[in-house]
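These values consider heavy atoms only, across backbone and side chains, with no hydrogens, waters or symmetry-generated copies. Index from 1, following the sequence.
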Amino acid sequence: MIEIENLTVSRSGAEILKDVSVKFGAGGITALIGPNGAGKSTLLNAIAGLIKPEHGRVTVGGCDMISARPPERASHVALLAQNEHVTARLTVRELVSFGRWTHHHGRPQERDLRMIEEALEAFDLGPLAERRLDALSGGQRQRSFVAMAWAQETPWMLLDEPLSALDPRHVRGIMDRLHELTRPGQGQRSIVIVLHDLSVTARYADRIVAMKDGRLVTSGPRLLTMTGGMLSDLFGTGLAIETVAGRDVVVPS
C-alpha cells in the first residue's frame, strides 16, 4: 500500500503540493490525472522519496520513503522520469540492464541476467536487444525505458508520462503490456502512472488520483470517480464519457 499523509512540498517559496493525503492498495494501474501544473510529477517523485517535503509522510509497503536510504527505496519502487538522459550509443540490452544495478552493483548474477531477458521478452524487445537506442523508433525507445524500470523487479513502478509523443499504436502496445503485468498472478506489479490522454485513462486505469493546483481533488476506483462532471470541473472545460465499440472514451461536451 502507498500512504501519503498531509504532504506539502515547496519550491522557491511556492507550494507545489498542498497538504495532500491519499492512500491506495497494491495491484492494478493507478492513474494520476489533472491539468498542467497540478503537481502530478512532484507527487510521483515524492512517492519515490526523491523530494524532501516541508511536512508530511510517504510510506510504500510500510517503508518511510522520506527517511529511507536509497537502496531501501530502490527495493520498493522503480521510477521512470519524464526525461531520462542516457547516451544514444547504448544498446537496448545495456539500457535494460541498468534496471538491475541496484541489485548487483556491477557484478551481475544469474538472476540479474534472467530478469534482463524476461524484461526484453515482456516488452517484445528481444529482436531489438542489440540495436542502439539511436536506431530505434520513438515507440521502441520508450518501450525500452519501461522495460528497464520493470527489470528493477520492484513491487511498484512509477511512470511519469511514458506515452508522450507516441502514436496510437505504440500507446496501445505499451498500455496493453502494463495492464497485463498488473493483473493478479505470479509476478504481479503495481503501477502509478501520470496520464494526459483521458481516453487511455478510461480504458486502462483501475484507480484515479485527480489533482489540481497542488491539491487532491478526488481518488478512488475509476468506475466510481471518473465522471464527466468531475473531469469538466478538473480541467475547466466541458467533458463527457461515452461508450464507443464497448469502451469508454472521453469527448468534449
When you measure from the side chain of Gln142 to the backbone N and O of Gly139, does any donor-acceptor pair fall under 3.5 Å? no
Non-hydrogen side-chain atoms of Arg57 and Ile4 separated by less than 4.5 Å
no
Quiz item: Do Asp64 and Thr59 get their side chains close enough for a donor-acceptor pair, meaning under 3.5 Å?
Solution: no
Answer yes or no for Arg189 and Trp156: cation-pi contact, defined as NZ/CZ to six-membered ring centre under 6.0 Å and angle to ring axis within 45°.
no
For this session: Compare all side-chain heavy atoms of Lys23 with those of Met1 and state whether any distance is below 4.5 angstrom.
Result: yes
**Message:** Membership question, hydrophobic clusters at under 4.5 Å side-chain separation (ILVMFWY): are Val60 and Leu43 in the same one?
**Reply:** yes
> Is a donor on one side and an acceptor on the other found under 3.5 Å between the side chain of Ser21 and the backbone of Asn6?
Replying inline: yes
| Honestly curious: do Leu90 and Trp150 fall in one hydrophobic cluster under the side-chain, below-4.5 Å linking rule? | yes
Determine whether Met157 and Val77 make a side-chain contact, defined as any pair of heavy atoms from C-beta on separated by less than 4.5 Å.
no
- prompt: Got more than 12 heavy atoms from elsewhere within 6.0 Å of CD, Glu110?
  reply: no
Under 3.5 Å donor-acceptor, Arg222 side chain and Ala202 backbone: yes
Here the gap from Arg207 atom CZ to Ile191 atom CD1, rounded to the nearest 0.5 Å, amounts to 11.0 Å
* Are Glu72 and Cys63 close enough that some pair of their side-chain heavy atoms sits under 4.5 Å apart? -> yes
- Verify the cluster assignment for Val249 and Met175: are they in a single hydrophobic cluster under the rule of side-chain heavy atoms below 4.5 Å apart? no
Linking I/L/V/M/F/W/Y whenever any side-chain heavy atoms sit under 4.5 Å apart, do Met211 and Ile208 land together?
no
Here the gap from Ser41 atom OG to Leu158 atom CG, rounded to the nearest 0.5 Å, amounts to 11.5 Å
*Would you call Leu195 and Leu32 a side-chain contact if the rule is heavy atoms closer than 4.5 Å?*
no
Val146, Leu128: one ILVMFWY side-chain cluster at the under-4.5 Å cut-off? yes
- His103 side chain to Gln152 main-chain N or O, any donor-acceptor pair under 3.5 Å? yes
*asked:* Is it the case that the side chain of Ser10 and the backbone of Gly13 share a donor-acceptor pair, with hydrogens and angles ignored and the cut-off at 3.5 Å?
replied: no
Closest heavy-atom pair, Ser190 versus Gly27, reported as atoms and distance to 0.1 Å, is OG-N, 2.6 Å
To the nearest 0.5 Å, atom CD of Glu118 lies from atom CZ of Arg114 at 6.0 Å
Tested for side chain to side chain contact (heavy atoms under 4.5 Å, CB included) against Phe145, the lone hit among Leu95, Val96, Leu159 is Leu95
Scanning both residues in full, the closest heavy-atom pair of Asp112 with His104 reads OD2-CB, 3.4 Å
Would you say Thr8's side chain and Asp19's backbone share a donor-acceptor pair under 3.5 angstrom? yes
| message | So does His196 get a backbone contact from the side chain of Glu161, meaning a donor-acceptor N/O pair under 3.5 Å? | response | no
Do His170 and Asp167 pair up side chain to side chain, a donor and an acceptor below 3.5 Å, judged on atom types alone? yes
Query raised in the report: Hey, does the side chain of Lys212 reach the backbone of Gly37 with a donor-acceptor pair shorter than 3.5 angstrom?
Result: no
Arg131 side chain vs Val92 backbone, donor-acceptor pair below 3.5 Å: no
Checklist line | Close side-chain approach of Pro162 and Ile193, heavy atoms under 4.5 Å | finding: yes
Could you tell me if the side chain of Leu198 sits less than 4.5 Å from the side chain of Val200, heavy atoms only? no
To the nearest 0.5 Å, atom CG of Leu166 lies from atom CZ of Arg172 at 15.0 Å
So does Glu130 have more than 12 non-hydrogen atoms from other groups sitting under 6.0 Å from CD? yes
(message) How about CD on Glu121, more than 12 heavy atoms from neighbouring residues, nucleotides or ligands closer than 6.0 Å, or not?
(response) no
Between the NE2 atom in His76 and the OG1 atom in Thr154, the distance rounded to the nearest 0.5 Å is 10.0 Å
Would you say that Leu80 contacts Asp160 through its side chain, given a criterion of any heavy-atom pair below 4.5 Å between the two side chains? no
Notebook entry, point to check: Quick one: do Asp206 and Arg183 make a salt bridge, cutoff under 4.0 Å?
Noted result: yes
Rounding to 0.5 Å, atoms OH (Tyr204) and CG (Asp176) come to a distance of 3.5 Å
query: Is any side-chain N of the basic residue among Asp213 and Arg215 closer than 4.0 Å to the acidic one's carboxylate O?
result: no
Without swapping roles, check the side chain of Thr91 against the backbone of Glu94 for a donor-acceptor pair under 3.5 Å. yes
